[in-house]
Amino acid sequence: MAALTDPIADYLTRIRNAQQAGHKIVEIPASGVKKRITEILYNQGYILKYKFDDEAGQGGQGVIKIALKYDPTSRKPIIRQLTRVSKPGLRKYSGAEDLPRVINGLGIAIISTSHGLMTDKEARERHIGGEVLCYIY
């Protein structure tokens with residue numbers, strides 16, 4: 001397998017593909033950043049649950065198992081859109097005042113700050129900017 005140039009885009013794509021296929025669980029190669037994104041998704045109510053399996057996987061990093069969340073009545077995925085904003089070729093940074101609002105605050109933006117990964121709301125409250133990794137709604 002070729003080396004991934006953008007592990008975060010790969011992470012988002014795997015979730016997107018699993019949802020389109022109607023899978024209940026998706027496995028993603030783990031990394032510190034991906035684990036933190038997973039925690040944010042869980043805390044914001046976008047996924048049912050997750051498990052970090054540090055033994056599995058061949059890279060030594062382990063895998064993240066994510067239980068995807070669907071609407072009980074319509075069976076549609078809870079996450080409607082996952083959009084990568086900052087890419088390796090073109091980074092997008094925002095100051096604390098200019099942090100993006102995703103669908104007027106209905107969605108979240110995940111920001112990579114000097115204090116770690118957090119939602120746009122959290123970064124706004126702490127008055128810190130950073131790299132805008134992705135939008136989720």
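Note that this is a predicted model, so its numbers are computed, not measured. Only heavy atoms go into these numbers, but all of them, side chains included; no hydrogens, no water, no symmetry mates.
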For His23, does its backbone N or O pair with a side-chain atom of Tyr70 as donor and acceptor, under 3.5 Å?
-> yes
Between Asp120 and Arg101, does at least one N-O distance fall below 4.0 Å, as a salt bridge requires?
-> no
Side-chain (Arg80) to main-chain (Pro77) donor-acceptor, under 3.5 angstrom = no
Establish, yes or no, whether the cationic atom of Lys35 lies under 6.0 Å from the six-membered ring centre of Phe52 and within 45° of the ring axis.
-> yes
Do Ile25 and Tyr46 share a hydrophobic cluster, counting only Ile, Leu, Val, Met, Phe, Trp and Tyr and linking them when any side-chain heavy atoms are less than 4.5 Å apart?
-> no
Interatomic distance, CZ@Arg124 vs CD1@Ile111, rounded to 0.5 Å, equals 8.0 Å
Are Glu27 and Arg14 side-chain neighbours, meaning at least one heavy-atom pair lies under 4.5 Å?
-> no
Quick one: closest heavy-atom pair of Val102 and Ile136, and the distance?
-> CG1-O, 4.3 Å
Specify the closest pair of heavy atoms between Cys134 and Arg84, including all atoms of both residues, with the distance to one decimal.
-> CB-CA, 4.2 Å
Looking only at heavy atoms, which two atoms of His127 and Ala96 are closest? And how far apart?
-> C-CB, 3.4 Å
Are Leu133 and Ile128 co-members of a hydrophobic cluster defined by side-chain heavy atoms under 4.5 Å apart?
-> no
In terms of heavy-atom contacts, Leu99 and Ser94 come closest through CD2-CB, 3.8 Å
Locate the shortest heavy-atom distance separating Leu117 from Ile110; write the atom from each residue and the value.
-> CD2-CG2, 4.3 Å
Donor-acceptor pair, side chain of Lys34 and main chain of Ile64, under 3.5 angstrom | no
Approximate separation, where rounding is to 0.5 Å, of Leu41 CG and Ile108 CD1 = 6.0 Å
Side chain to side chain, Tyr11 and Thr38, heavy atoms closer than 4.5 Å | yes
Looking at CD1 of Ile15 and CD1 of Ile28, how far apart are the two atoms once the value is rounded to the nearest 0.5 Å?
-> 4.5 Å
Does Val33 share a hydrophobic cluster with Met118, counting links as ILVMFWY side-chain heavy atoms below 4.5 Å and allowing steps through other members?
-> no
Would you say Asp6 and Asp10 make side-chain contact, with heavy atoms under 4.5 Å?
-> no
In the single-linkage hydrophobic clustering (I, L, V, M, F, W, Y; side-chain heavy atoms under 4.5 Å), do Leu90 and Tyr93 co-cluster?
-> no
Stepwise side chain to side chain contact (heavy atoms under 4.5 Å, CB included) check, Lys92 with Lys87 = CA-CA 8 Å; Lys92 292 262 196 272; Lys87 301 181 175 83; over 6 Å; no
If you draw a 6.0 Å radius around OH in Tyr42, do more than 12 non-hydrogen atoms from other residues or ligands fall strictly inside?
-> no
Is there a side-chain contact between Ser112 and Arg91 (heavy atoms, below 4.5 Å)?
-> no
Give a yes or no on whether the backbone of Gly45 and the side-chain of Lys69 come within a donor-acceptor separation of less than 3.5 Å.
-> yes
Ser31 versus Gln61, side-chain donor and acceptor atoms under 3.5 Å | no
Is a donor on one side and an acceptor on the other found under 3.5 Å between the side chain of Gln19 and the backbone of Ile79?
-> yes
Taking all non-hydrogen atoms of both residues, which atom of Ile47 and which atom of Ala67 are closest, and how far apart?
-> CB-O, 3.7 Å
Using a strict 4.0 Å threshold on nitrogen-to-oxygen distance, state whether Asp71 and Lys76 make a salt bridge.
-> no
With side chains defined as the heavy atoms from C-beta onward, is the minimum distance between Lys24 and Leu68 less than 4.5 Å?
-> no
